[in-house]
Amino acid sequence: MPELPEVEVVRRGLADHVVGRRITGVDVLHQRPVRRHLAGPDHFASALTDRTVLGAHRRGKYLWLPLDSGDALLGHLGMSGQLLVQPVGAPDERHLRVRFGLAGDGPERELRFVDQRMFGGLSVSAQGAELPQEIAHIARDPLDPLFDEEQFVHRVRRRSSGIKRILLDQTVVSGVGNIYADEALWRAGVHGDRLGAKLTARQVREVLSGAREVMRAALHEGGTSFDALYVNVNGESGYFDRSLAVYGRAGQPCRRCGAQVERVAFMNRSSHFCPVCQRPPRAPRGATASPARGSGRRH
DNA sequence: GTATGTACCTGTTTGC
DNA sequence: TGCAAACAGGTACATA
């Protein structure tokens, strides 16, 4: 599942293998991945054909490729999207959605957008040189040199939502998904249900620091991979999943204290945490204790 | 402006 | 064995 490190790995691959090449043709094999291109698949294809890719940029989990037309190809991998560079004639992937012909130095290639679950998407943005207007609302990510840490602390502490939900809000901080939110919170020793407004500035900084640590580590190892749904442009998976502390480790011992990692439902997905290292907030007056969470103390 | 819940998707796993 | 339900989760959107 692509989060910031995975998307950055893909961006680097695009910078190496696609920038400087000309798009010779576009084949939209499924309409859903271009649903955000409101002018339709034919317009999407014609706006890209015979255009040269000038760069490969990223904001959070969004990628965009400025073109010599002044437009940009804007993309998001969603949950299962892949951008692969393949030789012409390579067998089609099972979930191949959009194919781009590429000409330039060396043999002809294809850029392929493969997406099993089709949460991802591609569109052509009219703004190529700068941040596309479609993603102007996406905040900078924690690894961005221009990320404003003080503003982040301020915004988190103004919110009365749980810190995990805030971390997943891409308008507050980008690039954090379910996996790295759990990992960052574990590193900071903060439970995801703790309200932003109830955290100290120091705790918010520790969560941010945890996010940076886990993202840097993942980036170093080429991204997280669980089920072959995430691969880089060469089709290679990352190996970071071996280093995850809580995500996907329910019932296994916490790597720090040995307590059993817990998994609870959260926003139609899962949260993983150590009930000892990350003490849940006290239930509001009148609320009953959640049996899934227990007392928070297991030793 | 903020908080919260849900639709969108498909392949795999789980349970009956 | 076969079917149905649950599950995975990022984003946009609707509602309060």
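Naming convention: chains lettered A, B, ... in sequence-line order (proteins, then strands); numbering from 1 in each chain.
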> Given C:dG10, B:dT4, C:dA8, which nucleotide is nearest the side-chain atoms of A:R117?
Replying inline: C:dA8
> From C:dA8, C:dT11, B:dT10, pick the nucleotide closest to the side chain of A:H95?
Replying inline: B:dT10
>> Tell me whether the rings of A:H76 and A:Y62 are parallel (<30°), tilted (30 to 60°) or perpendicular (>60°).
In response: perpendicular
>> By the definition side chain to side chain contact (heavy atoms under 4.5 Å, CB included), identify the one residue from A:V204, A:L199, A:D193 that meets it with A:I163.
In response: A:L199
>> Measure CD/A:E6 against P/C:dG10 and give the value in whole Å, please.
In response: 10 Å
>> Students often get this wrong, so: under 4.0 angstrom with heavy atoms, is A:F266 touching a base, only sugar-phosphate, or nothing?
In response: nothing
> Could you state the CZ-P distance from A:R165 to C:dT11, rounded to the nearest angstrom?
Replying inline: 13 Å
> Among A:R58, A:R11, A:R212, which residue meets the salt bridge (charged side-chain N to carboxylate O under 4.0 Å, His left out) test with A:D141?
Replying inline: A:R58
>> Can you work out whether A:S160 or A:R269 has the more 5'-proximal nearest nucleotide on DNA chain B?
In response: A:S160
> Below 4.0 angstrom from OP1 or OP2 of C:dT11, is there any side-chain N or O of A:H137?
Replying inline: no
> Contact class for A:H30 (heavy atom, under 4.0 Å): base, sugar-phosphate, or nothing?
Replying inline: nothing
> To the nearest angstrom, how far is A:K61 atom NZ from C:dG10 atom P?
Replying inline: 5 Å
> Within the pair A:S80 and C:dA8, is there a side-chain N or O less than 4.0 Å away from OP1 or OP2?
Replying inline: no
>> If I take atom CZ in residue A:R36 and atom P in nucleotide B:dC8, what distance separates them, rounded to the nearest angstrom?
In response: 13 Å
>> Would A:R249 and A:E183 count as a salt bridge (charged side-chain N to carboxylate O under 4.0 Å, His left out) here? Give the steps.
In response: CA-CA 11 Å; A:R249 295 192 63 247; A:E183 293 298 312; over 6 Å; no
>> Closer than 4.0 angstrom, basic N to acidic O: yes or no for A:R32 and A:D115?
In response: no
> At how many degrees, to 10°, do the end axes of the helix from B:dT2-C:dA16 to B:dC16-C:dG2 meet when each uses five pairs?
Replying inline: 60°
> Considering only B:dT2, B:dT10, C:dG10, which nucleotide approaches the side chain of A:R158 most closely?
Replying inline: B:dT2
> In whole angstrom, what separates A:Q170's CD from C:dC13's P?
Replying inline: 15 Å
> Between A:H191 and A:F273, how do the two ring planes meet: parallel, tilted or perpendicular, split at 30° and 60°?
Replying inline: perpendicular
>> Without decimals, in angstroms, what is the distance between A:R263 CZ and C:dA6 C1'?
In response: 10 Å
> When the nearest nucleotide of DNA chain B is assigned to A:R159 and to A:N268 on a heavy-atom basis, which residue is associated with the more 5' position?
Replying inline: A:R159
>> On the six-membered ring of A:W186, is A:R255 placed so that its NZ or CZ lies under 6.0 angstrom from the centre and within 45° of the ring axis?
In response: no
> How close or far is atom C1' of C:dG10 from atom CD of A:Q116, stated in whole angstroms?
Replying inline: 15 Å
> Given B:dC9, is OP1 or OP2 found less than 4.0 Å from the side-chain N or O atoms of A:R32?
Replying inline: yes
>> Without decimals, in angstroms, what is the distance between A:Y180 OH and C:dG10 P?
In response: 11 Å
> More than 12 heavy atoms of other residues, nucleotides or ligands under 6.0 Å from CD of A:E149: is that the case?
Replying inline: yes
> Looking for any heavy atom pair under 4.0 Å, which part of the strands does A:D115 touch: base, sugar-phosphate only, or nothing?
Replying inline: nothing
